[in-house]
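Since the structure is predicted, the reported quantities are computational estimates derived from the model, not experimental observations. Whatever order the structure lists them in is the order used to number ligands and atoms, beginning at 1.
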Amino acid sequence: VGVLRLKPGWVPTGRPAPITERLDEVAEVLQGGRVAVLTGAGISTESGIPDYRGANGRLRRQLPMSHDEFVTSIDGRRRYWARSHLGWRTIARAAPNDGHRAVAALRNRGHLSAVITQNVDGLHQAAGTPDVVELHGSLDWVVCLGCGERTRREELDRRLHEANAGFDAAAISVKPDGDVEIDDGAVGDFQVVDCVGCDGGVLKPDVVFFGGTVPRATVDRCYGLVDGADALLVLGSSLAVMSGLRFVRHAAKTGKPVLIINRGETRGDPYTTTRVDRPLGPALTELAARLGCPAG
Ligand SMILES: [Zn+2]
């Protein structure tokens, strides 16, 4: 199976896909059995967190932080934490939307056997979905690369505020990983803080950056959840990175239906019979209502 590294390389091919706006097929599969769900940034855009790709499917101007840059470059970390310090305000303030609420309703009524998310924003949990598997980690936690201790982001946020009173650059736009675009000059003399527990260890958000690896145990757990389900439903992901696409391929290979609801082409289109091309919030609300479990 090999090491799983996130790479942001895929661009849409423009190949025609079996697109529909009708939810009949998805509703039927949900009615008939237990379905595992894999969600991506597209389900959080209605909460004010833009995804990595614009309307044309192309990656936005500034590439996401890479794992290698973060662990090897002091300046890179300083730029990242300055940006992330601003982005955290948006992430911490974001509230679940209709899509998250519908997923919670479907999960709590037993239509979904598992919810796996590529998102690090915690909004599925905030909507009341239990046992969410966070494939790429969580922005709520910070990990020390020295001693391995995990601490709350809120605590780091407090320390960063103390160390950087008066720092207030204008964020151009926030990204799903809590990073933001700002002018490089705006980073100024932003002060990074280190681990308290081991006196000086490098702190990293407990998320998988591009070029980083998803923990083996998490990958295995997700394969198990897909194996235990009758079908796989992808919500709001272009499946550009292999970490999510591999579960789609696995489901297809083992003869399970793959269903996709997403605005725009996805890398998983060849594995699905139909992709529903609709905004997630309204589509999932309709779906939950049709299954007799309207979202709160
Ligand atoms: Zn430490």
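- Between H85 and F190, the angle of the ring planes lies from 30° to 60°, which puts this pair in the tilted group.
- In this structure, R153 fails the cation-pi test against W141, since its NZ or CZ atom is not both closer than 6.0 Å to the six-membered ring centre and inside 45 degrees of the ring normal.
- Between R107 and H124 the shortest side-chain heavy-atom distance does not fall below 4.5 Å.
- Ring pair F209/F70 is tilted by interplanar angle, where 30° to 60° counts as tilted.
- N262 places a side-chain N or O within 3.5 Å of a backbone atom of S237 that can act as its donor or acceptor partner.
- Using a 4.5 Å heavy-atom threshold, the side chains of V71 and V202 count as separate.
- Around the Zn ion (ligand 1), the protein atoms of type N, O or S found under 2.8 Å away are C144 SG, C147 SG, C195 SG, C198 SG, listed by chain and number.
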